[in-house]
Amino acid sequence: MRIDSLRTHLRTLGALPLHEDRILRDWVRNSGHEHGRRRPGDFLPKPLREALPRIDAQLDGLARILSTYPAEDGSARLLVGLQDGQTVESVLLPRDGVCVSSQVGCAVGCQFCMTGQGGLVRQVTSGEIVAQVVLARRRRSVKKVVFMGMGEPAHNLDNVMEAIELLGVEGNIAHKNLVFSTVGDPRVFERLPSGRVKPALALSLHTTKPALRERLLPRAPRITPAQLVEEGERYARLTGYPIQYQWTLMEGVNDGQDELDALVDLLRGRYAVLNMIPYNANEGLPFQRPGWDKAERIAAWLFERGILTKLRDSAGQDVDGGCGQLRARAAQPIKIHRSA
């Protein structure tokens, strides 16, 4: 179900725009219908009131939590089942955030990512994206949504932008707290500036070397790291939000002094934050996670040279749950370690 098709259905039941907004607002805020001054019995057209139980059941059926893996850091990884039997992953983040998936699988094929190993299965609809947020809100407060789960949001732009608009307009989430993560598809830089809600932008950088980036992200658009930063800077100045550059730190791959020197040249003076995340090891992939002490030294070195660097740990390290791993385990069960 797409948000746009749901609005069309509501109109066939006599809904005006303010009625549509009310139904969608109640859903995305997980607030129920019996609140506020305008109760459904006094406010909604009769055909819409009579259809409400069926509509609520349809929305509830979009996604369900199949299993939960709480971690010691306060996060929790969720394996989410969709109506057709496919699964995606969401992550409840510390400090009132949730990470959602925008595709079942992914076509970019990043060499260090489990999600892309099986390719793209299908798009996640805007309704299914919002449903992940609703599931999260049934468990805890959500004030930030990051599109950093399974999939490349740029390859599902219509659905992702529909979800972002609903979350930013009716979902009571600040626009700067809606974070669109992408490898740098040019369509993003064309589409996001024209949206009613302009999300913050996170760009997957990972290296300053064009040839290495092509190897690590084999089916990403052929845009160099320097070009990516130029596009990011334009969007940052337009929105007033700094760009978040994502750097998955991998032992012996992008942690050398040559990379760090080039990174300083690339980002110094930019309206940007560098999110440095030590690699979350995936069984069967040939990449290694550097030691935390080394990562701290690298982040401090960059910060001293004018690069606003935040060293982040991938949520849920103790449950071994990097994006794509829970779904892979659901397909081929293996032993995992659950926290209490």
Side-chain angles (χ1 to χ4, degrees), residues 106 108-113 116 146 148 152-154 179-189 192 200-282 285-314 322-323:
C106 184
V108 178
C110 299
Q111 296 298 291
F112 50 86
C113 176
V146 295
M148 296 182 184
E152 165 53 59
V179 184
F180 186 110
S181 177
T182 176
V183 295
D185 193 297
R187 291 170 292 186
V188 170
F189 304 112
L192 264 59
L201 189 57
L203 297 175
S204 295
L205 188 56
H206 305 306
T207 178
T208 62
K209 303 173 182 177
L212 177 58
R213 192 169 193 272
E214 289 185 14
R215 291 200 300 274
L216 291 175
L217 286 66
R219 291 189 289 279
R222 288 298 177 252
I223 181 171
T224 68
Q227 291 169 332
L228 187 66
V229 170
E230 287 298 328
E231 292 284 5
E233 186 71 6
R234 277 192 283 272
Y235 187 75
R237 299 299 174 181
L238 171 70
T239 61
Y241 318 143
I243 297 298
Q244 300 176 37
Y245 290 103
Q246 309 293 92
W247 191 281
T248 300
L249 191 66
M250 293 170 278
E251 181 73 30
V253 176
N254 61 357
D255 59 350
Q257 192 59 49
D258 57 339
E259 283 275 32
L260 303 182
D261 290 336
L263 191 54
V264 170
D265 291 339
L266 191 61
L267 294 186
R268 181 183 282 157
R270 302 292 188 175
Y271 191 24
V273 176
L274 180 68
N275 288 326
M276 184 162 281
I277 307 172
Y279 177 66
N280 189 354
N282 287 301
L285 299 184
F287 300 97
Q288 299 298 319
R289 177 182 173 90
W292 189 256
D293 289 346
K294 180 178 182 179
E296 286 184 320
R297 289 195 300 272
I298 289 174
W301 187 90
L302 290 167
F303 195 88
E304 290 168 359
R305 284 153 183 80
I307 308 303
L308 180 55
T309 305
K310 295 184 178 181
L311 182 60
R312 302 185 183 276
D313 207 0
S314 179
C323 275

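Reckoned from all heavy atoms, side chains included, excluding hydrogens, waters and symmetry mates.
- A side-chain hydrogen bond (donor to acceptor under 3.5 Å, both in side chains) check over residues 298-307, counting only residues at least two apart or in different chains, returns nothing.
- Residue pairs that meet the side-chain hydrogen bond (donor to acceptor under 3.5 Å, both in side chains) test with at least one member in residues 261-273, sequence neighbours left out, are Glu230-Arg270, Gln257-Asp261.
- For Arg215, the side-chain hydrogen bond (donor to acceptor under 3.5 Å, both in side chains) criterion is met by no residue, not counting sequence neighbours.
- Put simply, the side chain of Lys209 reaches to within 4.5 Å of the side chain of Asp258, judged on heavy atoms.
- Every residue meeting the side chain to side chain contact (heavy atoms under 4.5 Å, CB included) condition with Pro186, not counting sequence neighbours, appears here in chain and number order: Pro221.
- Pairs engaging residues 201-258 under the ring pair (Phe, Tyr, Trp, His ring centres under 6.0 Å) rule: Phe112-His206 [sequence neighbours left out].
- Going from atom OG1 of Thr248 over to atom CG of Asn280 covers 9.5 Å, rounded to the nearest 0.5 Å.
- When all heavy atoms are compared, the tightest approach of Leu274 to Leu302 is CD2-CD1, 3.7 Å.
- The shortest side-chain heavy-atom distance between Val183 and Arg219 does not fall under the 4.5 Å cut-off.
- Looking at Leu228 and Arg213, their side chains come closer than 4.5 Å, going by heavy atoms from C-beta outward.
- Minimum interatomic distance between Phe180 and Pro153 (heavy atoms only, all atoms of both residues): CZ-CB, 3.5 Å.
- Minimum interatomic distance between Asp185 and Ala154 (heavy atoms only, all atoms of both residues): CB-CB, 3.4 Å.
- Taking the salt bridge (Lys or Arg N to Asp or Glu O under 4.0 Å) definition, one finds that Glu214 meets it with Arg222, sequence neighbours left out.
- Asn254 places a side-chain heavy atom less than 4.5 Å from the side chain of Leu249.
- Taking Gln227 as the reference, Ile223, Thr224 meet the side chain to side chain contact (heavy atoms under 4.5 Å, CB included) condition, with sequence neighbours excluded.
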side-chain contact (heavy atoms from CB on, under 4.5 Å), that's the test. Do Ile243 and Val273 meet it? Break it down for me.
CA-CA 6 Å; Ile243 297 298; Val273 176; over 6 Å; no
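- Heavy-atom minimum distance, Leu192 versus Leu201: CD2-CD1, 3.9 Å.
- Every residue meeting the salt bridge (Lys or Arg N to Asp or Glu O under 4.0 Å) condition with Glu233, not counting sequence neighbours, appears here in chain and number order: Arg237.
- With sequence neighbours left out, Asn275 forms a side-chain hydrogen bond (donor to acceptor under 3.5 Å, both in side chains) with Gln244, Gln246, Arg312.
- Here the closest non-hydrogen pair linking Gly184 and Phe189 is O-CE1, 4.0 Å.
- Remark: Lys294 pairs with Glu251, Asp255 by the salt bridge (Lys or Arg N to Asp or Glu O under 4.0 Å) rule, at least two apart or across chains.
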side-chain contact (heavy atoms from CB on, under 4.5 Å), that's the test. Do Ile307 and Leu263 meet it? Break it down for me.
CA-CA 9 Å; Ile307 308 303; Leu263 191 54; 5.5 Å; no
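- Between the side chain of Gln288 and the backbone N or O of Met250 there is no donor-acceptor pair closer than 3.5 Å.
- For the side chain to side chain contact (heavy atoms under 4.5 Å, CB included) test, residues two or more places apart in sequence or in another chain that qualify with Ala299 are Thr309, Leu311.
- Of all the heavy atoms in Leu205 and Pro225, the pair that sits closest is CD1-CB, 3.8 Å.
- The side chain to side chain contact (heavy atoms under 4.5 Å, CB included) search around Ser181 returns Met148, Ala202, Ser204, not counting sequence neighbours.
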